[in-house]
Amino acid sequence: MASGVSVSASCRLQMDYEAKIFPQSGGYGRYNRVVVVFSWFPTFAVMLNLFSDVFYTLIPSMYRCKPDPEQLPSSFLLSNYSKQDYLNLTLFWANGSGLSPCEVWYNANISDLSGEVPQKTASCPTGWEYSTVVGLQSNFVTEWNLVCDDYWKIPLHRICFMMGWIVGYVFLGSLCDWLGRRRGFLLSITLSSLFGVAVCLSSSAVVFLLLRLCQGAFLAGVFVSSYILRLELSDPSHRLMVAMTGSFFGVSAELLLPGFAVLSRDWPILQAVATLPLLLLLSYWW
């Protein structure tokens, strides 16, 4: 009974604010409209960084070990073989599935390739060769060879990035209630920009993962603070239009992202392109 009374009182207070207090404060006037318009641009920047992760973690359609000539007998003459014969001799042939993407023949100290001497296989000692990734020549996977035994790092990265978003929604959303929408937004946009620049300079897969986790948390803070702000500054009759227009900015970022990827070619450049709108939003300090 008491909870029902409290809910009723809360609804009545909200209705009084929208019907009596909000119009007295100027309503959905010129200032509120300008702020709402500027609150749409962060959605573009956030979605650009969010969906760029699709290109960063895209696994090439084909990859295989780089042939290692040092593992062939010293008497082996490359000129006597075609390229395909050379690959067949150096790369392990998996039953029923073609050339193995994860193993090579290990023929060290073998004097011939007649097949009479038992051969061993080894993990790719000289790295991998990749087909071109859609839109990019290199990404998170090809930069640090996250295939075969290291494949598990790709879903781990995706999980950590989305965990950053969840943490950002929870803690930075509450922080916006405590500090205010503007301060929460400026804090989030500043730190997400710094982490975005740091991601471009990542030196290892672990550093990349941790930086993207932190950036994801603050990107969530940018999104939730700007979204709540535009709803609070709008009257009930305009809220749907305001929210839908902000979504169109996010969709436009998704549509432009493949073009940005094709023009960038390498993942650090794409990351820099995605971070640039965040850096421009730092002008909101003034």
Side-chain angles (χ1 to χ4, degrees), residues 14-15 17-18 21-23 25-55 161-196 212 214-261 270-286:
Q14 182 178 1
M15 293 177 62
Y17 171 78
E18 294 178 346
I21 301 176
F22 186 71
S25 64
Y28 190 52
R30 182 175 179 274
Y31 174 80
N32 287 25
R33 293 173 189 268
V34 171
V35 175
V36 165
V37 169
F38 279 96
S39 74
W40 290 332
F41 297 111
T43 303
F44 178 88
V46 169
M47 292 299 110
L48 201 62
N49 282 270
L50 173 62
F51 290 101
S52 63
D53 203 60
V54 174
F55 292 92
F161 186 54
M162 297 312 299
M163 283 296 297
W165 273 80
I166 295 173
V167 171
Y169 275 126
V170 174
F171 289 98
L172 292 176
S174 301
L175 191 64
C176 286
D177 293 333
W178 181 51
L179 292 178
R181 307 291 183 245
R182 181 177 181 274
R183 291 180 180 177
F185 172 81
L186 293 176
L187 174 65
S188 298
I189 201 68
T190 300
L191 293 178
S192 62
S193 301
L194 292 177
F195 280 112
R212 285 289 285 175
C214 296
Q215 189 191 24
F218 290 106
L219 286 173
V222 174
F223 181 81
V224 71
S225 59
S226 59
Y227 181 80
I228 295 175
L229 178 65
R230 76 174 68 105
L231 292 184
E232 290 180 338
L233 292 177
S234 306
D235 57 4
S237 62
H238 289 89
R239 281 177 187 161
L240 178 60
M241 181 273 293
V242 165
M244 291 299 296
T245 305
S247 299
F248 290 143
F249 274 74
V251 172
S252 66
E254 295 179 52
L255 295 177
L256 291 173
L257 185 59
F260 291 152
L270 179 60
Q271 174 64 22
V273 170
T275 305
L276 180 60
L278 295 173
L279 295 173
L280 294 176
L281 290 175
L282 292 175
S283 61
Y284 282 20
W285 276 93
W286 295 277

Is any side-chain heavy atom of M47 closer than 4.5 Å to a side-chain heavy atom of F249?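 Side chain of M47 against side chain of F249, heavy atoms only: no contact under 4.5 Å found.
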When you compare the side chain of L175 with that of L187, does any pair of heavy atoms fall below 4.5 Å?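 Answer yes - side chains close enough.
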Between R239 and E232, does the side-chain contact (heavy atoms from CB on, under 4.5 Å) criterion hold? Intermediate values first, please. CA-CA 9 Å; R239 281 177 187 161; E232 290 180 338; over 6 Å; no
Can you name the nearest heavy-atom pair linking [X] to [Y], along with the distance?
| X | Y | value |
| --- | --- | --- |
| T43 | G250 | CG2-N, 3.8 Å |
| F44 | A253 | O-CB, 3.5 Å |
| T275 | S193 | CG2-O, 3.8 Å |
| N49 | A274 | ND2-O, 2.9 Å |
| R212 | S52 | NH2-OG, 3.9 Å |
| L186 | I189 | O-CG2, 3.3 Å |

More than 12 heavy atoms of other residues, nucleotides or ligands under 6.0 Å from CZ of F161: yes or no?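 Yes, because the 6.0 Å sphere around CZ of F161 holds more than 12 heavy atoms from other groups.
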Atom pair [atom1] ([X]) and [atom2] ([Y]), whose distance is rounded to the nearest 0.5 Å:
| X | Y | atom1 | atom2 | answer |
| --- | --- | --- | --- | --- |
| Q271 | L276 | CD | CG | 11.5 Å |
| S192 | L281 | OG | CG | 8.0 Å |
| S39 | F223 | OG | CZ | 10.5 Å |
| S234 | M241 | OG | CE | 7.0 Å |

What orientation do F38 and Y284 show, parallel under 30°, tilted 30 to 60°, or perpendicular over 60°?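 Because their plane-to-plane angle is over 60°, the rings of F38 and Y284 count as perpendicular.
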Using modelled atom types and a 3.5 Å cut-off, is there a donor and acceptor pairing between side-chain atoms of R181 and backbone atoms of I228?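 Between the backbone of I228 and the side chain of R181 there is no qualifying donor-acceptor contact (under 3.5 Å).
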Please answer whether the main-chain N or O of A243 pairs with a side-chain N or O of W40 as donor and acceptor at a distance below 3.5 Å.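 No; judged by distance alone, with no hydrogens or angles, the pair does not exist.
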Chi angles and distances behind the side-chain contact (heavy atoms from CB on, under 4.5 Å) call for L219, L50: CA-CA 8 Å; L219 286 173; L50 173 62; 5.8 Å; no
Would you please say whether a donor-acceptor pair under 3.5 Å links the side chains of T190 and W285?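 There is such a pair between these side chains.
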May I ask you to check whether S225 and R230 show a side-chain donor-acceptor distance below 3.5 Å?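 There is no such pair between these side chains.
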Could you go step by step and tell me if F55 and L270 meet the side-chain contact (heavy atoms from CB on, under 4.5 Å) rule? CA-CA 9 Å; F55 292 92; L270 179 60; 4.1 Å; yes
For a quick test of your reading: what N or O donor-acceptor pairs under 3.5 Å do the side chains of residues 162-171 make, sequence neighbours left out?
none

Sequence neighbours left out, what passes side-chain contact (heavy atoms from CB on, under 4.5 Å) with S174? Give chain and number order.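 Listed in chain order: nothing, the list is empty.
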Only one of V46, L194, L172, L278 forms a side-chain contact (heavy atoms from CB on, under 4.5 Å) with F218, so which one is it?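 The option that passes is L172.
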